[in-house]
*Asks:* 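Supplied in structure tokens, the structure appears directly below.
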Amino acid sequence: MIRIEPDQWLPHTYAKALSLVDMLRHPAADYEAMTAIEKDSLRQSQMEADEVVRILGFHNVHALVMKSDQVLGWLPVSILAVDATLTAFVLPQSAQLSAETFFQQWQNTPYIWGGITLHGVDCSGLTQRYFLDVLNQCIPKNTYDQRRAGISKALADITNNDLVFCTRIGGRGIHHVGIYINSDILHAHGERGVIRQTLDEFMSQYQLLDVVKIDV
């Protein structure tokens, strides 16, 4: 595993992505030739075209970068355009959507591990986009950090925009997260993509871990 420790990071250097690209857990020169399952195991997150990242260091033809949400990952150097005029992250802008419009826009988007776009999204990517586009708030990308970003509460006290953390009944114990909206749960389902289920239907399929309120 290739690592670049924080005390070895480059001075603040920023770049833009030339196109949508997967961020990897470690450099992989043969990534494009891998199977979908192999790619899922390596994909940490994604960068969208023109998104600004901080370059932390290099290893051969890959760069270790940090996104504005603090996610770290490796990208091919060829996908990055260094911009000396940038001195900080350019924070993403809210689409200022209603919850219903957001669901209509994202409904049936396929599930992709680490995905953050309408081409494919995972559960925590969907909740991150919901908080940005509906609530105008940037929250962390992965479920563990999202869970720590708010205050735990009882399921009986659930209210709109609360996050519901759970594991699949009979599954592998991997964290899953959905958003509570008007008695329903909006989430990115592993097989069905982005769907909306009643709370009762959702809870019949998942084992509850936590309900979290993130102040907005």
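In this chain, numbering begins with 1 at the start of the sequence shown.
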*Asks:* Checking one residue: V211. Which other hydrophobic residues are in its cluster under the side-chain 4.5 Å linking rule?
*Replies:*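 For the cluster that includes V211, the remaining residues are L155, I158, V164, Y180, I185, L199, F202, M203, Y206, L208.
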*Asks:* What is the distance from atom CZ of F165 to atom OG of S124, rounded to the nearest 0.5 Å?
*Replies:*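 One gets 9.0 Å once the value is rounded to the nearest 0.5 Å.
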*Asks:* Quick check: do R192 and Q197 have side-chain heavy atoms less than 4.5 Å from each other?
*Replies:*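 Sidechains of Q197 and R192: in contact.
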*Asks:* Starting from I195 and following side-chain heavy-atom contacts under 4.5 Å between hydrophobic residues (I, L, V, M, F, W, Y), which residues can be reached?
*Replies:*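 Other cluster members: none.
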*Asks:* Scan residues 145-158 for pairs that pass side chain to side chain donor-acceptor pair (under 3.5 Å), counting only residues two or more places apart or in two chains.
*Replies:*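 Side chain to side chain donor-acceptor pair (under 3.5 Å) check on residues 145-158 returns T127-Q146, N142-D145, D145-R148, R147-H175, R147-D210, S152-D210, K153-T159, K153-D162.
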*Asks:* Test your reading of the model: is there a side-chain donor-acceptor pair from R43 to the backbone of W113, 3.5 Å cut-off?
*Replies:*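 Confirmed, R43 side chain pairs with W113 backbone.
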*Asks:* Report the residues that fulfil salt bridge (charged side-chain N to carboxylate O under 4.0 Å, His left out) with K16, sequence neighbours left out, ordered by chain and then residue number.
*Replies:*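 With sequence neighbours excluded, K16 shows a salt bridge (charged side-chain N to carboxylate O under 4.0 Å, His left out) to no residue whatsoever.
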*Asks:* For the CG atom of L18 and the OG atom of S78, what is their distance to the nearest 0.5 Å?
*Replies:*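 Rounded to the nearest 0.5 Å, the CG-OG separation comes out at 8.0 Å.
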*Asks:* How far apart are the C-alpha atoms of H189 and R168, what are their side-chain angles, what is the distance that settles it, and do they pass the side-chain contact (heavy atoms from CB on, under 4.5 Å) test?
*Replies:* CA-CA 10 Å; H189 189 278; R168 189 72 175 263; 3.7 Å; yes
*Asks:* Apart from I151 itself, what residues make up its hydrophobic cluster when side-chain heavy atoms of I, L, V, M, F, W and Y under 4.5 Å apart count as a link, directly or indirectly?
*Replies:*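 Under the 4.5 Å side-chain rule, I151 groups with nothing.
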*Asks:* Just checking E5: does its CD atom have more than 12 heavy atoms from other residues, nucleotides or ligands closer to it than 6.0 angstrom?
*Replies:*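 Result for CD/E5: enclosed.
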*Asks:* Give the intermediate values and the outcome of side-chain contact (heavy atoms from CB on, under 4.5 Å) for residues Y130 and L97.
*Replies:* CA-CA 9 Å; Y130 178 89; L97 303 176; over 6 Å; no
*Asks:* Restricting to pairs with a member in residues 55-69, which pass side chain to side chain donor-acceptor pair (under 3.5 Å), not counting sequence neighbours?
*Replies:*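 Qualifying pairs, neighbours excluded: E51-K67, D69-Q128.
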*Asks:* Atom OG1 in T35, atom CD1 in I37: separation rounded to 0.5 Å?
*Replies:*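 Nearest 0.5 Å value for the OG1-CD1 distance: 5.5 Å.
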*Asks:* Answer yes if I55 and L24 sit in the same cluster of Ile, Leu, Val, Met, Phe, Trp and Tyr residues linked by side chain heavy atoms under 4.5 Å apart, and no otherwise.
*Replies:*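 Not linked; separate clusters.
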*Asks:* Please tell me whether L20 and V77 are part of a single hydrophobic cluster in this structure, the criterion being side-chain heavy atoms less than 4.5 Å apart.
*Replies:*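 Per the 4.5 Å side-chain linkage, L20 and V77 are not co-clustered.
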*Asks:* Out of curiosity, does M66 fall in the hydrophobic cluster containing M47 (side-chain heavy atoms, cut-off under 4.5 Å, transitive links)?
*Replies:*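 Hydrophobic grouping puts M47 apart from M66.
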*Asks:* Check L80 against A63 and note the closest heavy-atom contact, atom names and distance.
*Replies:*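 Closest heavy-atom pair between L80 and A63: CD1-CB, 3.9 Å.
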*Asks:* Which residues pass the salt bridge (charged side-chain N to carboxylate O under 4.0 Å, His left out) test with E201, sequence neighbours left out?
*Replies:*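 Once residues adjacent in sequence are excluded, E201 has no partner under the salt bridge (charged side-chain N to carboxylate O under 4.0 Å, His left out) criterion.
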*Asks:* For the pair R54 (side chain) and A15 (backbone), establish whether a donor and an acceptor sit closer than 3.5 Å, ignoring hydrogens and angles.
*Replies:*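 No, R54 side chain to A15 backbone: no donor-acceptor pair under 3.5 Å.
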*Asks:* Given L64, which partner from the list I4, L75, I2 fulfils the side-chain contact (heavy atoms from CB on, under 4.5 Å) test?
*Replies:*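 With L64 as partner, I4, L75, I2 yield a single side-chain contact (heavy atoms from CB on, under 4.5 Å), made by I4.
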*Asks:* Locate the shortest heavy-atom distance separating L126 from A188; write the atom from each residue and the value.
*Replies:*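 Heavy-atom minimum between the residues: CD2-N, 3.7 Å.
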*Asks:* Does T143 reach the main-chain N or O of H176 with its side chain, forming a donor-acceptor pair under 3.5 Å?
*Replies:*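 Not a single qualifying donor-acceptor pair exists.
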*Asks:* Scan for ring-ring contact (aromatic ring centres under 6.0 Å, His included) pairs involving residues 33-52, sequence neighbours excluded, and state none if there are none.
*Replies:*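 Listed once each, the pairs would be none.
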*Asks:* Can any side-chain N or O of R25 pair as donor or acceptor with the backbone N or O of S41 at less than 3.5 Å?
*Replies:*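 Indeed, once roles are kept as given, a pair shorter than 3.5 Å links the two residues.
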*Asks:* If you take all heavy atoms of L132 and C138, which pair is closest and at what distance?
*Replies:*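 So the minimum-distance heavy-atom pair works out to CD1-SG, 4.1 Å.
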*Asks:* Can you tell me how far CD1 of I179 sits from CG of N161, rounded to the nearest 0.5 angstrom?
*Replies:*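 N161 CG to I179 CD1: 8.0 Å, rounded to 0.5 Å.
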*Asks:* How far apart are the C-alpha atoms of D122 and I112, what are their side-chain angles, what is the distance that settles it, and do they pass the side-chain contact (heavy atoms from CB on, under 4.5 Å) test?
*Replies:* CA-CA 5 Å; D122 65 8; I112 293 180; over 6 Å; no
*Asks:* Taking all atoms of both residues into account, what is the closest heavy-atom pair of K141 and G125, and its distance?
*Replies:*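 Answer, listing the atom of K141 first, then G125: NZ-N, 3.7 Å.
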*Asks:* Any link between V53 and L72 through a network of hydrophobic side chains (Ile, Leu, Val, Met, Phe, Trp, Tyr) touching at under 4.5 Å?
*Replies:*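 V53 does not cluster with L72.
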*Asks:* Please list, one pair per line, the donor and acceptor atoms closer than 3.5 Å that link side chains of residues 100-107 to other protein atoms, with sequence neighbours excluded.
*Replies:*
from	atom 1	to	atom 2	distance (Å)
E100	OE1	R196	NH1	2.9
T101	OG1	S98	OG	2.9

*Asks:* Side chains of Q44 and V71, heavy atoms from C-beta outward: is any pair under 4.5 Å?
*Replies:*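 When only atoms from C-beta onward are counted, V71 and Q44 do touch, with a gap below 4.5 Å.
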*Asks:* Scan residues 22-53 for pairs that pass ring-ring contact (aromatic ring centres under 6.0 Å, His included), counting only residues two or more places apart or in two chains.
*Replies:*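 Found none.
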*Asks:* Using 0.5 Å steps for rounding, measure from the CG atom of D133 to the CD atom of Q93.
*Replies:*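 Going from the CG atom of D133 to the CD atom of Q93 covers 10.5 Å.
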*Asks:* Report the C-alpha distance between H187 and V194 in whole Å, list the side-chain angles of each, state the deciding distance to 0.1 Å, and finish with yes or no for side-chain contact (heavy atoms from CB on, under 4.5 Å).
*Replies:* CA-CA 6 Å; H187 65 119; V194 176; over 6 Å; no
*Asks:* Hey, could you give me each pair passing ring-ring contact (aromatic ring centres under 6.0 Å, His included) that has a residue in residues 67-91? Not counting sequence neighbours.
*Replies:*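 Output for this query lists Y14-F89.
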*Asks:* Could you check D200 against T198 for side chain to side chain donor-acceptor pair (under 3.5 Å), going step by step and ending with a plain yes or no?
*Replies:* CA-CA 5 Å; D200 287 344; T198 66; 5.6 Å; no
*Asks:* Counting only heavy atoms not in Q207, do more than 12 sit closer than 6.0 Å to its CD atom?
*Replies:*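 No, not enclosed.
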*Asks:* Determine the minimum heavy-atom distance between T109 and L118, stating which atoms define it.
*Replies:*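 What the structure gives for the nearest pair is CG2-O, 3.4 Å.
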*Asks:* Taking the side chain from Q46 and the backbone from I116, do they hold a donor-acceptor pair closer than 3.5 Å?
*Replies:*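 Checked: pair present.
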*Asks:* Identify, with sequence neighbours excluded, every residue that meets salt bridge (charged side-chain N to carboxylate O under 4.0 Å, His left out) alongside E38.
*Replies:*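 So E38 forms no salt bridge (charged side-chain N to carboxylate O under 4.0 Å, His left out) with any residue.
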*Asks:* Do you reckon F58 sits in the same ILVMFWY cluster as I79, going by side-chain contacts under 4.5 Å, direct or chained?
*Replies:*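 Same cluster: F58 reaches I79 through Ile, Leu, Val, Met, Phe, Trp or Tyr contacts under 4.5 Å.
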